[in-house]
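A short write-up of the structure that comes next.
All values below were derived from every heavy atom in this structure, side-chain atoms included, with hydrogens, water molecules and symmetry-related copies excluded.
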Amino acid sequence: MEVLEGLYYSKDHEWVKVEGDKAYIGITDYAQHSLGNIVYIELPEVGAELSAGNVLGVVESVKAASDVYTPVDGKVLEVNNAIVDDPSLVNNDPYGSWMALVELKDKSQLDNLMTAEEYKKFLDEE
């Protein structure tokens, strides 16, 4: 499984890429691989206020449907409609196919997430 350096990871297999006070959120390579061929994605509304642990969206594959959780508090600034139109983009490039861009409310929440190295160890224990 591919794990990119410089991102933060949750135990629910979401990744967070921070740029200033904004963060892109998506699902990891491990998550997309576990789900199989993704056929449907539901994203939050722009402007939605999310709290860490809330459902960010839904990803459905030929195997199962899975909730995606937001790892940080934030306001949804933008969603990636390209993956709604073509969900297979997440299978092909999970780290390039973000789900939502949020304005971070509390950057200290990033301390609760894993680094790439910690996430690799976490996957080894799964």
Side-chain angles (χ1 to χ4, degrees):
M1 299 300 137
E2 185 179 23
V3 177
L4 296 186
E5 295 293 328
L7 302 179
Y8 295 92
Y9 296 89
S10 74
K11 290 183 178 180
D12 294 316
H13 307 289
E14 289 91 17
W15 57 262
V16 178
K17 177 182 178 184
V18 177
E19 291 184 355
D21 62 350
K22 297 177 182 152
Y24 290 91
I25 301 170
I27 64 170
T28 65
D29 190 32
Y30 176 89
Q32 73 78 22
H33 186 75
S34 298
L35 284 165
N37 291 333
I38 296 171
V39 295
Y40 174 78
I41 295 176
E42 184 179 307
L43 298 175
E45 294 291 322
V46 171
E49 295 280 348
L50 302 173
S51 297
N54 283 159
V55 172
L56 173 74
V58 177
V59 176
E60 290 183 18
S61 71
V62 292
K63 290 184 189 177
S66 181
D67 287 337
V68 177
Y69 301 97
T70 183
V72 292
D73 294 350
K75 180 179 180 180
V76 178
L77 300 175
E78 192 178 335
V79 294
N80 186 355
N81 287 313
I83 64 172
V84 173
D85 296 339
D86 184 1
S88 69
L89 292 170
V90 177
N91 289 121
N92 297 330
D93 184 10
Y95 297 110
S97 301
W98 54 276
M99 297 180 76
L101 173 64
V102 300
E103 182 176 22
L104 290 169
K105 290 241 190 258
D106 181 1
K107 283 181 109 171
S108 71
Q109 288 181 318
L110 299 170
D111 297 338
N112 300 326
L113 301 176
M114 293 177 273
T115 64
E117 201 56 44
E118 291 165 336
Y119 185 62
K120 286 177 191 173
K121 288 179 187 167
F122 176 75
L123 290 178
D124 287 343
E125 295 165 6
E126 284 270 291

For E45, look at atom CD and say whether over 12 heavy atoms of other residues, nucleotides or ligands are found less than 6.0 Å away. no
At their closest point, which heavy atom of L7 faces which heavy atom of Y95, and how far apart are they? CD1-CD2, 3.7 Å
With a 4.0 Å cut-off on N to O distance, would you call K120 and E5 a salt bridge? yes
Are L50 and V16 linked, directly or through other ILVMFWY residues, by side chains that come within less than 4.5 angstrom of each other? yes
Any chain of hydrophobic side-chain contacts (each under 4.5 Å) joining L123 to M114? yes
Looking at K121, I'd like to know if its NZ atom is crowded, meaning that more than 12 non-hydrogen atoms belonging to other residues, nucleotides or ligands lie closer than 6.0 Å. no
Report, one line per pair, each donor and acceptor closer than 3.5 Å where one atom sits in a side chain of residues 82-91; sequence neighbours left out.
| residue | atom | partner | partner atom | Å |
| --- | --- | --- | --- | --- |
| D86 | OD1 | S88 | N | 3.3 |
| D86 | OD1 | S88 | OG | 2.6 |
| N91 | OD1 | I38 | N | 2.8 |
| N91 | ND2 | Q32 | OE1 | 2.8 |
| N91 | ND2 | G36 | O | 2.9 |

Looking only at atom types and distance, does a side-chain atom of K107 sit under 3.5 Å from a main-chain N or O of G20, one as donor and one as acceptor? yes
For K22 against L101, the heavy-atom pair lying closest together: CB-CD1, 3.9 Å
For E19 versus K17, what's the shortest heavy-atom pair and its separation? OE2-CE, 3.4 Å
Within the side chain of Y9, is there an N or O that forms a donor-acceptor pair under 3.5 Å with the backbone of T28? no
Does I25 form a side chain to side chain contact (heavy atoms under 4.5 Å, CB included) with V72? I'd like the steps, not just the answer. CA-CA 9 Å; I25 301 170; V72 292; 4.3 Å; yes
Should H13 and E126 be marked as a side chain to side chain contact (heavy atoms under 4.5 Å, CB included) after you check the CA-CA gap, both sets of side-chain angles, and the distance that decides it? CA-CA 11 Å; H13 307 289; E126 284 270 291; 3.5 Å; yes
Passing option when L110 is tested against D106, L113, N112 for side-chain contact (heavy atoms from CB on, under 4.5 Å): L113
Can you tell me if E14 uses its side chain to pair, donor with acceptor, with the backbone of V68 under 3.5 Å? no
Using the side chain to side chain contact (heavy atoms under 4.5 Å, CB included) rule, take D21 and E103 through it: C-alpha gap first, then chi angles, then the decisive distance, then the call. CA-CA 6 Å; D21 62 350; E103 182 176 22; 4.2 Å; yes
For K105, is the NZ atom crowded, meaning more than 12 foreign heavy atoms sit under 6.0 Å from it? yes
Shared hydrophobic cluster for W15 and V102 (ILVMFWY, side-chain gaps under 4.5 Å): no
Closest approach of E60 to A65 (non-hydrogen atoms, all atoms of both residues): CG-CB, 3.6 Å
Is there a donor-acceptor pair under 3.5 Å between the side chain of N80 and the backbone N or O of M99? no
Can you classify the ring geometry of Y24 versus W98 as parallel (below 30°), tilted (30 to 60°) or perpendicular (above 60°)? perpendicular
Are D12 and P71 packed together at the side-chain level, in the sense that at least one heavy-atom pair is separated by less than 4.5 angstrom? no
Could you check whether any side-chain N or O of S51 sits under 3.5 Å from a backbone N or O of N54, counting only pairs where one atom can act as donor and the other as acceptor? no
